[in-house]
Structures are given as C-alpha cells and as structure tokens.
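The chains referred to below are lettered A, B, ... by the order of the sequence lines, with proteins before strands, and numbering in each begins at 1.
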Number of protein chains: 2
Amino acid sequence: MPNQNRRERERAARHELIVRTARELAETEGWDAVTTRRLSQRIEYSQPVLYSHFAGKDAIVGAVALQGFTELADALAAARVGAGTTDEAVPAVIRAYLAFAETNPALYDAMFTLSTDLPFAQDTTPAPMQAGFAQLHDVFAPLAGERDTGVFTEVWWATMHGLVTLARGGRLPAGAQEQRVAMLVEQLTAR
Amino acid sequence: MPNQNRRERERAARHELIVRTARELAETEGWDAVTTRRLSQRIEYSQPVLYSHFAGKDAIVGAVALQGFTELADALAAARVGAGTTDEAVPAVIRAYLAFAETNPALYDAMFTLSTDLPFAQDTTPAPMQAGFAQLHDVFAPLAGERDTGVFTEVWWATMHGLVTLARGGRLPAGAQEQRVAMLVEQLTAR
DNA sequence: CTCCAGATCCTAGCAACGCTAGATTCTCCT
DNA sequence: AGGAGAATCTAGCGTTGCTAGGATCTGGAG
C-alpha cells in the first residue's frame with residue numbers, strides 16, 4: 001500500500017498549508033481576521049478539515065507560535081555567530097530579538113500573548129522554545145557575575161519582552177525605541 | 001426641573017455599576033466570561049442599556065482599565081511615602097507595582113493587554129495614566145545618573161511589565177519570582 | 001384629571017463566531 | 001464490479017457583539 005505514503009505526505013502538506021495561511025492572514029490583517037471560516041476559505045477546504053488536523057483554533061495558533069520559536073532561536077543564533085567578539089554578541093542578540101518582534105508582530109503575539117497552553121519552562125517544553133532561551137542564556141550568563149545566570153537571563157529577557165509589548169500599542173512614546181535599546185545594552189554590558 | 005438631577009445621578013450610578021460589575025466578573029471568572037449578556041443580566045438590565053452608556057464592550061474594558069490606572073498610581077504613591085528613606089522607596093515601589101499586578105490580574109490585563117485604544121504617552125493621555133508613570137519617574141530618576149530620566153524609567157518599567165506578563169501564563173519558572181524581583185532591585189539600586 | 005411628547009427600556013433579531021453531527025462523495029482492494 | 005472505509009462537505013447548534021423597532025413609563029400642558 002504505497003498510496004499510504006502519498007496520503008501522509010499530502011496530509012502533512014495541508015497541515016503546513018493551514019499553519020502558513022493562518023500566519024500570513026494574521027500578519028497582514030491581524031489575528032482577529034483569522035477565523036475558521038476565512039481560514040478554510042483560503043485553503044480551499046471546508047471548516048471541518050481544519051478540525052481533522054487541529055483540536056481547535058487555539059491549536060492552530062499554537063502551531064504558528066511553535067514555528068515562531070524555531071525562527072526566533074535561529075535568528076538569535078545567527079546574530080550570535082555573526083557578531084565578531086563576545087562583547088558584540090550581547091547587543092547583536094538584543095537587537096535581533098527586538099527586530100524579530102518588530103518584523104513579525106503577529107507571530108510574536110501568537111508566541112507570548114495569544115497561545116496560553118504552551119508548556120513553558122518545563123521538562124515537556126518543546127525543543128525550539130528551550131533553544132531560544134538557551135541562546136539568551138549563553139549570551140547573557142557571562143555578565144551575571146556572582147548571580148544566578150538563569151534568573152539573570154530571565155530578568156533581562158523580561159526587559160526585552162516588556163519593551164516589545166509596551167512599544168506595541170503605543171504604550172511608550174513612539175520613535176524613542178532606539179534610545180531605550182541603547183540604554184538597555186549599556187545597562188547590561190556596563191560593569 | 002430638579003428631577004433632571006436625580007436622573008443624572010441615577011445614570012452615573014448605573015454607569016459605575018456596569019464598570020464595577022464588569023471588573024468583578026473579570027476578576028472572578030476571567031475576561032472571557034465578561035459577555036454583554038452576562039453583564040446585562042448581572043446588573044439586571046437588558047443589553048441595550050449597556051450601549052446607552054458605552055460605545056461597545058471595548059469601551060467598558062477601557063473604563064475598567066482607567067479605574068486600574070488610578071488605583072495603580074495611588075498604590076505606587078502610597079508605597080513611596082510609606083518608605084522611610086529614599087533608598088527604600090525604590091524597592092517599595094517596585095514591589096508595590098508587582099503586587100498590584102498579581103493581586104488584580106484581570107485589571108492589569110485590561111490596562112495593558114486588552115484595551116488597545118487608550119491614548120498612552122500623548123497630550124490627551126488621561127491624568128491617572130500620566131500619574132502612574134510620574135510616580136515611577138520620580139522614584140527612578142535619581143538613579144539615572146547622566147542618562148535621560150524618561151528613557152531610564154521606561155526601560156525599568158518595561159522590566160517590571162515583562163516580569164509580570166511572562167510570569168503570568170507560566171512563561172517563567174514558577175516560584176522564583178521573588179528571586180527575580182530581588183535581582184531587579186539590586187540591579188537598579190547598585191552603582 | 002387627561003393627554004400627549006419624549007425619555008427610557010426591552011424584545012427580537014442580524015451577522016459572525018468556534019465547533020460538530022450526519023450525509024455524501026471518493027478511493028482503493030478484493 | 002462491488003463494497004468497506006477514508007475523506008470531505010453541507011447544514012446546523014449555541015454563543016458572541018450589537019442594533020432596530022416597539023412597548024412602557026414619566027412629567028408637564030391644557
């Protein structure tokens with residue numbers, strides 16, 4: 001029964017099509033526009049097909065988020081190796097993180113605001129999510145001094161995350177983000 | 001026509017009732033449970049009454065958020081004057097901020113996650129919102145050194161906000177929040 | 001006291017949402 | 001060629017935010 005293989009391939013392709021379409025729709029029109037009806041219409045299948053691939057809309061958002069974690073980890077890793085010295089790695093990674101959030105706002109929302117049931121910081125945490133934090137940890141840890149490197153990383157991660165979420169929605173004055181990033185870098189590297 | 005006064009008083013009372021009920025419902029069962037039907041049922045009026053007071057559900061959330069900003073500003077001010085020395089004011093205000101977010105999670109969500117159309121950081125920004133930031137600014141500014149006090153405050157505000165939002169939803173390991181707060185305080189006051 | 005205008009409030013309904021049961025069509029092996 | 005099982009769709013349920021239209025109440029004028 002070699003057809004079984006083709007079936008599985010087609011299924012996987014459609015699975016990926018759903019995730020990709022949901023992401024595109026979210027990035028262009030916002031997550032509010034990502035309804036099961038519009039999504040099913042875009043992939044040219046009926047609604048129930050979505051539910052044969054995912055438990056529900058939340059699961060679709062989660063799949064998009066997981067994709068985001070992979071890309072974020074890759075982006076941070078690339079920034080790290082792209083930096084010449086170790087000193088340059090810190091600002092490079094910080095800027096890469098903030099650039100990622102700014103370039104993919106809907107994706108970032110899926111990762112940190114929308115999807116509520118992703119297992120963070122546990123043994124069952126998916127590899128991509130652990131990888132992203134690991135990148136930050138490796139870069140920030142040398143600056144921790146005598147302090148716990150994990151907690152240290154978490155605090156500065158929180159700063160970056162806070163800057164991202166506050167800047168979005170105009171919670172912070174527009175235009176001054178570069179100043180804030182510069183201060184964040186300086187605050188973190190000084191000492 | 002003295003009845004007009006009574007009318008206006010009753011209207012204001014009902015306005016306040018709506019906001020209070022929405023907040024209670026959100027705090028006990030989450031914002032998902034705050035539907036216009038349940039809300040109207042709780043205040044013992046029909047749905048359209050809500051729309052004679054507010055433009056829509058978003059406006060109700062916004063009203064709750066505004067209440068939150070007032071209370072947050074008060075809480076920060078109280079922590080500030082409650083602290084003995086100026087040095088003690090910084091950790092006191094930080095802890096007050098985080099305690100506020102932890103005690104009123106739904107309220108905090110309304111302020112910083114849900115309500116999207118509140119005018120932050122503008123001339124039209126409501127007084128309570130400016131007051132909250134002003135409290136932080138006054139406490140953090142002395143630590144800024146040569147740096148811009150506004151940007152300095154924004155960065156550390158972002159750290160607090162990031163810790164709040166990441167801790168919520170289990171993005172950060174549970175139980176270690178106190179460690180992170182301690183490190184935040186130390187990082188901010190050292191130097 | 002009566003009557004009518006205007007304010008006040010509710011019933012009923014619309015379109016869109018996430019999701020699912022049941023019928024229908026297609027696929028493939030015997 | 002036929003039938004089992006997979007694949008897919010149509011149609012619909014209950015719920016959402018919101019609103020049009022009619023009913024009810026209020027209060028001053030005749």
Quiz item: Do the two ring centres, one from B:F133 and one from B:F69, sit under 6.0 Å apart?
Solution: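 That pair fails the under 6.0 Å test.
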With [X], which residues qualify under salt bridge (Lys or Arg N to Asp or Glu O under 4.0 Å), at least two apart?
| X | result |
| --- | --- |
| B:E29 | B:R38, B:R42 |
| A:E24 | none |
| B:R20 | B:E16 |
| A:E178 | A:R95 |

Practice problem: Would you please name every residue forming a side-chain hydrogen bond (donor to acceptor under 3.5 Å, both in side chains) with A:T149, sequence neighbours left out? | Solution: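 Partners of A:T149 under the side-chain hydrogen bond (donor to acceptor under 3.5 Å, both in side chains) test: A:H137.
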When the distance from [atom1] of [X] to [atom2] of [N] is rounded to whole Å, what number comes out?
| X | N | atom1 | atom2 | answer |
| --- | --- | --- | --- | --- |
| B:Q41 | D:dT16 | CD | P | 10 Å |
| B:E44 | C:dC10 | CD | C1' | 15 Å |
| A:Y45 | D:dT10 | OH | P | 14 Å |
| B:F54 | D:dT19 | CZ | P | 15 Å |
| B:L50 | D:dA20 | CG | P | 16 Å |
| A:E10 | D:dA6 | CD | C1' | 13 Å |

Practice problem: Sequence neighbours left out, what pairs pass side-chain hydrogen bond (donor to acceptor under 3.5 Å, both in side chains) with at least one residue falling in residues 80-94 of chain A? | Solution: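 Passing the test, one end in residues 80-94 of chain A: A:R80-A:Q135.
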Practice problem: Any pair with a residue in residues 57-67 of chain A that passes side-chain hydrogen bond (donor to acceptor under 3.5 Å, both in side chains), sequence neighbours left out, goes on the list, sorted by first then second residue, please. | Solution: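 Every pair satisfying side-chain hydrogen bond (donor to acceptor under 3.5 Å, both in side chains) with a residue in residues 57-67 of chain A: A:R23-A:Q67.
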Self-check item: Axis-to-axis angle between the two ends of the helix from C:dC1-D:dG30 to C:dT30-D:dA1 (five base pairs per end, rounded to 10 degrees)
Solution: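 Its terminal axes enclose an angle near 30°.
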Exercise. List in numerical order all residues of residues 13-27 of chain B for which some heavy atom is under 4.0 Å away from an atom belonging to DNA chain D.
Key: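 Those residues: none at all.
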Self-check item: With sequence neighbours excluded, residues passing side-chain contact (heavy atoms from CB on, under 4.5 Å) with A:R14
Solution: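 Testing A:R14 for side-chain contact (heavy atoms from CB on, under 4.5 Å), a comparison that skips the adjacent residues, returns A:R11, A:Y45, A:V49, A:S52, A:H53.
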Self-check item: Any residue meeting side-chain contact (heavy atoms from CB on, under 4.5 Å) with B:A176, in chain and number order, not counting sequence neighbours
Solution: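 If we apply the side-chain contact (heavy atoms from CB on, under 4.5 Å) test to B:A176, skipping adjacent residues, the hits are B:Q179, B:R180.
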Exercise. Establish, from distance only, whether the side-chain atoms of B:T36 and B:Q47 form a donor-acceptor pair under 3.5 Å.
Key: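 B:T36 vs B:Q47: donor-acceptor pair found between side chains.
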Quiz item: What string of B, S and - do you get for nucleotides 15-22 of chain C, 5' to 3', when a contact is any protein heavy atom under 4.0 Å?
Solution: --BBBBB-
